[in-house]
Structures are given as C-alpha cells and as structure tokens.
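Here is how names work: the chains are called A, B, and so on, in the same order as the sequence lines, proteins then strands, and each is numbered from 1.
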Amino acid sequence: MIAKIIVDNKSKQVDKPFDYLVPKELEDKIKIGSRVLVPFSSGNREIEGFCVGTADTSDSKRLKSIIRTANDSIGFDEDMLELIEWMHKKYLASYLDIIHTIVPSGTALKTKEWIILENKSEEKSEIRRRITEILTDNGGSMEFKELKEMCGVDIQNQVRAMIKEGTLKKEYRQSVDIKDKKIKCVKLICDRETALESAENLRRKAPVQAKMLEVLSENEYVSLADLQKFTNGSHSTVKALEKKNLVNVFDMTVERDPYWNRVFEKTEKMVPTPEQEYAIDEITNSVKSGDGGIYLLHGVTGSGKTEVFMQTIENVINMGKSAIMLVPEISLTPQMVSRFMSRFGGRVAIFHSGLSAGERYDQWKKIRDGEADIVIGARSAIFTPLKNIGVIIMDEEHSDTYKSDMSPRYHARETAIFRASQFGAAVVLASATPSVESYYKAQTGEYKLLEMNTRYNKNKMPEISVIDMRSELEKGNKSMLSGKLYNEIEENLKRGEQTILFLNRRGFSTFVSCRSCGYVPHCPNCNISLTYHKFEDKLKCHYCGYERPNYKLCPKCGSNYIRYFGGGTQKVEDELNRLFPNATTVRMDMDTTGKKQSHEKILQKFEKDKIDILIGTQMVAKGLDFENVTLVGVITADTMLNINDYRSCERTFAMLEQVSGRAGRGSKEGRAVIQTYTPEHEAVSLVKSHNYRTFYDKEIAKRKLMWYPPFCKIVSVHFQGNVENIVAKTAKYFLNTAEKTQNISQKIQILGPVPSYISKIKNKYRWQIIFKCEDDDNLGEILSQAEMTCRKNKEFSDVAIIIDKSPGMIN
DNA sequence: AGCACGCCGACT
DNA sequence: GTCGGCGTGCTC
C-alpha cells in the first residue's frame, strides 16, 4: 500500500503529495487525514506529514516507508480533504497552509535533532575537542541547536564528520507542545507591613520598586505583565525585589475557559413577528429538504435577526443536524455569544483566533467528538470538523473581517457556501447593509432574498442629523464637536441617558508637524507619518508598532512651534473631559483593548457603571445592544470615503448605518448625529432615510459603468522586498511574463505596476498590480504560473509575491 | 526549508 | 593536500 503524504515543510517546491510505503502493521491505521512521521530528504530527517490519499502503486522508484503514525486522533476527514483541494485551487494556497488552518495548531509534532556522544576519541582540532567537552558536560547528549549555540560557530561540518567516524550519533526526538497555560505571577513573600515599610524606604532611590510593593500589598498576587504595566516597571525591577527577598515570581496555571468564567441564565425564546416567522420557516424548510438554498437576510438594525438565527438553529438541532454561526469578530460580539450560551448551553462550542492554542484544541475536540452541535465563531470556525451541517449563518455578511489576509487568503462567505454544498445545508447571509455583491446575487436570483423592515419592538429607526462641518468652521467652531452634537450630548447627560461616539482613528493626532519648517515625523520603518498619543506623550506608528518619545523641539529646525493635526479617539476624550467635566467617559480602541477580554470588561463597565459616554473606533460599531443608549455621534464620517477603494462608499454607508443603529434599541427613541465635510455624498445623505435600496441602486449603476465587482472579478498581486528597485523590477517582470501567456481569451484590465498606497511597511518596499477580469480562476492560473517563472529567477529571490483572488482592500 | 554535493580559495 | 565557505539542486 502506498500513501500520498503532504510533508510539513514550508516550501512551495515540496508542497505536493509524496508517495510512501505503508508498513503492513500500519495499513489499517493509515487513511485520508492521518498524521504520520516520515523520513524526508537526503538526511532522512524525520518530519510530520498528512495523508491525502492512498494507492496500490507508485511511479517513484525509490520509496521510503512511513515510520509511524503521529497524534493520529487529530487529523481530518474526507469531506475536509475536498475542502482542502477546493481551497488549493481557488485561493492558490499551499496544501500545508490550508492544512495548518484546519487542524488545531500546537498539536503538530516538533522534531528536534539530538546529538549523542558515542565514544570518546582523541580529537585533533580545537573545535572538535570543544564539542566533545560540551557534550560530556551535559550528560553525553544535547539538542543540536543548543550545542551549536554553545559553540558559537557553525559546527555543521564537524558534527557530520564525527558522525561518519562514529564518535557521535544523531537522533530525532519528537514532542507535542500543547501544555497547561501558565502565566508568570508575582506575590509578596514578606508580610504587608514589611512591604509597606520597604516601600517607604525605597521611595526616593527606587520609586518603581516602591510602587510595585504597594500594588502587591493590595493584592494576593498580580501577573508579572500587569505589574509592569501598572508601575511602568520592567522585569529587572521585579528581579531587584526578588533579590531583596520581598517578592516571589511563580508560574500559575490558568484554566482554559473560552467562556470567560461567565454564568449564563437560560432565556426563553421570544414570540416572532410575522417577518421573523416567515424567515424562520423559509430557512427551516430549506434545511429540511436539503436543497442547499442560499438566503440573503436583509433586516434593518434592531429587526431581531439574532432571534431568527436562534430559532432557526433550534429547528435545525431538532432535526438532528448541526449549525455554524459566523460572526465578524467574536471578541466584539460578547452579547451574541451570551445569548447563544444562555439559550443552548453546553451544546455550543466557540471558536476564534483569540483562543489560546489549548482552548482552541479543547473546543476543536468537543466539535469533532460530536459533543457540540452549534459552533459560534469568527471566520476560522468554518473549518471546524462539524458533521451533518444543516445550516451556516453568517451575521454581518458585508464585514471585511470575513476575508483572511494571510495564506490561505480565503473569503469565509465563499468557503461557507462550499462547506454547505457538501452537506446540502442552507446558507444564511444576514446584514442590515448587505455587500453590494451579495445583494446583486439576490437580485439575479442566485440568492433568495428575505427582508425584515421593521424593528422588533416597533421602535422607530433613530432620527439622523447630518452636520456640515465646513459651515461649523465658518462659524468659528474649531473643535471636534459641532454645536448640534454638543447640545445633544448635554441633553443626554441631563436625562441620564448614554451616548456612543464613533471615530475611526485611534491616538490623539493623526500627524504632527513643525509650524516653522513643515517637518512631519515619519516612521523609520514604514512610509507613514507617526501618530501622537497624548497620554503616553509618544509618537507611534500604527503599522509596525514603532514608538518614540514625543519631540519637544522640531528635530530639523529646533523650533518649538509643533502643531497637532487631525483628531483621534484620545483627542475626543480629552475634549469631552474639558467640555463636560462632570461626565464619565470610557475609551475603546486598540490601545485600551490590548489584553484579552478587555473589550468585554469595557463594555460591562459601560453598562453597569452607567458611564455617560463611550468613545471608540470600528469596534463600537458592531453588534452592541444597550437599552440606555439613545445618542450616537459620528465625529467624522469622511475618513473611510477618502480611501481609494471601489468599496469605500459601500463601507461608509454600512458603517454609518451600523453605528447609528446602536441608538434607541430599548424603549426610548434614538438619535444619531453624523458630522461630515461632504454632506452631499450619497453614502452619507442616504443614511438619513435609512434607505439601503436607493443606495444600492446608485452604487450598482456606478459599478456597472466603471466595470467593478460584481460585474468583474479582481485579483491583486503584491510584491514585497528589501530593495525598492528590485521589487519594482520583479513586478514589471511578472506582468511581462503574464502578458506573454497565449491562452488569455477574456477581457482583462490591468492597473499597475505601481508602488502600494503605503509604499513601505516594516522596512519592506511594496508594489502592486491590480487585475480586473471576467474569470478570476483562469487568470489566477496564469498569474500563478507567472509567479513560478519569477521564482526561477535568482535575482527576484528576495521578493515575496502574493496573489489574492478576493482582495480585502485595493488601493 | 534543510541538506548534500561540488567547486574554489586559504592555510598548515 | 585539507578545511571551510557558498552556490545549486533535490526531496517520494
């Protein structure tokens, strides 16, 4: 018996099945999806592989044998193999990348090379003597990497020679590295009084140490990371305290609890409205018949889509089938998770990238073993080994988080439709603002359209005011808040109702500039200006994370006239605290939600402590549902419009509709104030009447005229490398090669090659070519071949070529 | 990706 | 002569 094996080696050239002999005793164990250990390449290195097929004969002459199975319970099934083949073709991704996204990471076998001292002999050279010496000191055997490090030089050749002579022996040892999750914690090992006394004594000489002692005396233990953050200290500060025998650093095992220790009360289902009932029935019937219907559920914000999902899923479960519920980013939708948990309890598994390897593994096993029949999660949940799928629901189907920006560059919507087709399952794409592409498919009959036009409790849609910020400026109002928004906030404070302010930019100022010479500080690694963060008084790069202290004087001309342009969330918070000193505010953006669960904590705080104003970026736009929020303010609606992508209008409209939908979800009516510099723009003006349909009609006409999706397909190719002109040269060579291809019989439009919008990130220069075409599968093959041709050219070896068949953002 | 093989210059 | 550095090509 022959097994076809994809070996775990990240190289395009070996990303194909290799034939191996299956030993007799393994024959009934090895099937599709099995994980095995195989000898590979000249040194017969032992590496892991995945079986993607079996055969009786092979064309290769010199076959090697599979050594053994490895962690065999965590592989994949035949239906997953179909998915792998489909993605390999569709997204031009390597088998290995795809396999790695569908089997839980961390369960992989890690092979390590060990060197064992067999017998001591008189060594002639210095370096050989050292090798034997180090090995002897370490008990006669060591990991090769470690040995190499201790020697400090490349010992490859010597070791090889010594193995030949029989002095040393090489051995492969495997390990799996899912372990208990542990974090470093710090606690006092003296009594509280001693700690505070020491803190007093250290106050002048070592203020950070003193601060740490104070923090520790108030807590039983504190995680090392938190302690350093609170006190602005470093590991060495903790070490100093350890030396003084005041504190102790220890490992604490933390539980893998993806449900964040919450208790869920069981809730009863609501009585559906006629619109909801119709949708539930339609989908349920489709699941029952197994006809694989694809539905576009277009429901206005607050129309009760979640209840439709839950009742549909309940019906599906009652049929003995399972369901996948996809949400844009699970950490942003804790409310959705808790509603599902409370309704369905332990039958729910959750799956998203925020889980630790261990948590992920536990959830994965739960799904595979059939202990869960509902999976709720972000885009990667589409790959969980759920059986007998009845329905796949995708909430906020227009969201760009469904597109993977790493290989495999899949779109979860397309993948969901493929997965569903394997099971004859129904697909439900839901949104208040569907993507233009999906709505078009609903118009042409490819998807079935379900509409829900009224809000669940017959609430009115929030009343929207669009404020022209140009006239505010003319009136002499230079602040970030228009008169209208100011008044509305004041009104809300008086009434004791809550407000959400939205601004798509974090930090304090978008860029900093010297008033006398015009100098603008840029990131040294990226071609982008630095953002000022006031509370830390730092300049930060939002692309690579670079940061430096703020300039007191202009580094170029020495002037102290430094001006801060544009506003971010920090500036809004600053201004609010000044204008409404008695109001409580909380900010939610990448800077405040760095840690796991902090999203949720901020939201809980907002709800429980009745914080007056929540200020946030993107992340406040999605799925939040608070009774007492009656006012939503959008500080600048234009930021997204100015991005040069054909979807910028669509995104702006969706974002504004989404954000304003956060207001008035309870019994009180909601208002939204949208500030803009382009009030005449339809993406802005049509939100006022919540008229998706009119917006769609205008947008689709534009797309048709300009030949953009859904009327064409787009494929982007990116080039990244260390030397700018080589990157450019590669791009040109690539295009040349692709254009020489004979079998292009379709209409193609090419934009580029040009430098990317941000032409350098993390010291890598970036170029791009955008292809518009009729058939992206055909074009993809051509481009993939052009890539291979470029790969063969040594000059371009430094340049990464990335082909993306449904690019998230093109600019 | 890693590893062997092979070619070439430098050093005991 | 031999050691070690790097370019090239293959991996069932």
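Here C:dC12 presents its C1' atom at 16 Å from CD of A:Q13, a figure rounded to the nearest Å. Following rounding to the nearest Å, A:H100 (NE2) and B:dA1 (P) show an atom-to-atom distance of 13 Å. In this entry the distance linking NZ of A:K16 with P of C:dC10 reads 10 Å, nearest Å. A straight line from CD of A:E48 to P of B:dG2 spans 15 Å, rounded to a whole angstrom. At whole-Å resolution of the value, CG in A:N9 and P in C:dC10 are 16 Å apart. The CG atom of A:D8 sits 11 Å away from the C1' atom of B:dA1 (whole-angstrom rounding). For the pair A:D15 CG and C:dT11 P, the computed distance is 16 Å after rounding to whole Å. In this structure, CZ of A:F18 is placed 12 Å from P of C:dC10, rounded to the nearest angstrom.
Counting any heavy atom pair closer than 4.0 Å across all strands shown, A:Y20 reaches sugar-phosphate atoms only and no base atom. The residue A:K4 sits apart from the nucleic acid: no heavy atom pair falls under 4.0 Å.
Remark: of the listed residues A:K805, A:K713, A:K89, A:K805 is the sole one forming a salt bridge (Lys or Arg N to Asp or Glu O under 4.0 Å) with A:D777.
In the set C:dC12, C:dT11, B:dC3, B:dC3 carries the atom at the smallest distance from any side-chain atom of A:R45.
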Open item on the list: Assess the residue pair A:I2 and A:L21 against the criterion (side-chain contact (heavy atoms from CB on, under 4.5 Å)); give the C-alpha distance rounded to whole Å, side-chain angles, the decisive distance to 0.1 Å, and a yes or no.
Closed with: CA-CA 5 Å; A:I2 305 292; A:L21 273 170; 3.9 Å; yes
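Distances shorter than 4.0 Å separate some side-chain N or O of A:K64 from OP1 or OP2 on C:dC12.
Side-chain contact of A:R360 with A:Q363: a donor-acceptor pair under 3.5 Å is absent, judged by distance alone.
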Pairs of donor and acceptor atoms involving the side chains of residues 781-791 of chain A, under 3.5 Å and at least two apart or interchain, shall be tabulated with distances.
residue, atom, partner, partner atom, Å
A:E787, OE2, A:K12, NZ, 3.4
A:T789, OG1, A:Q785, O, 3.0
A:R791, NH2, A:V799, O, 2.6

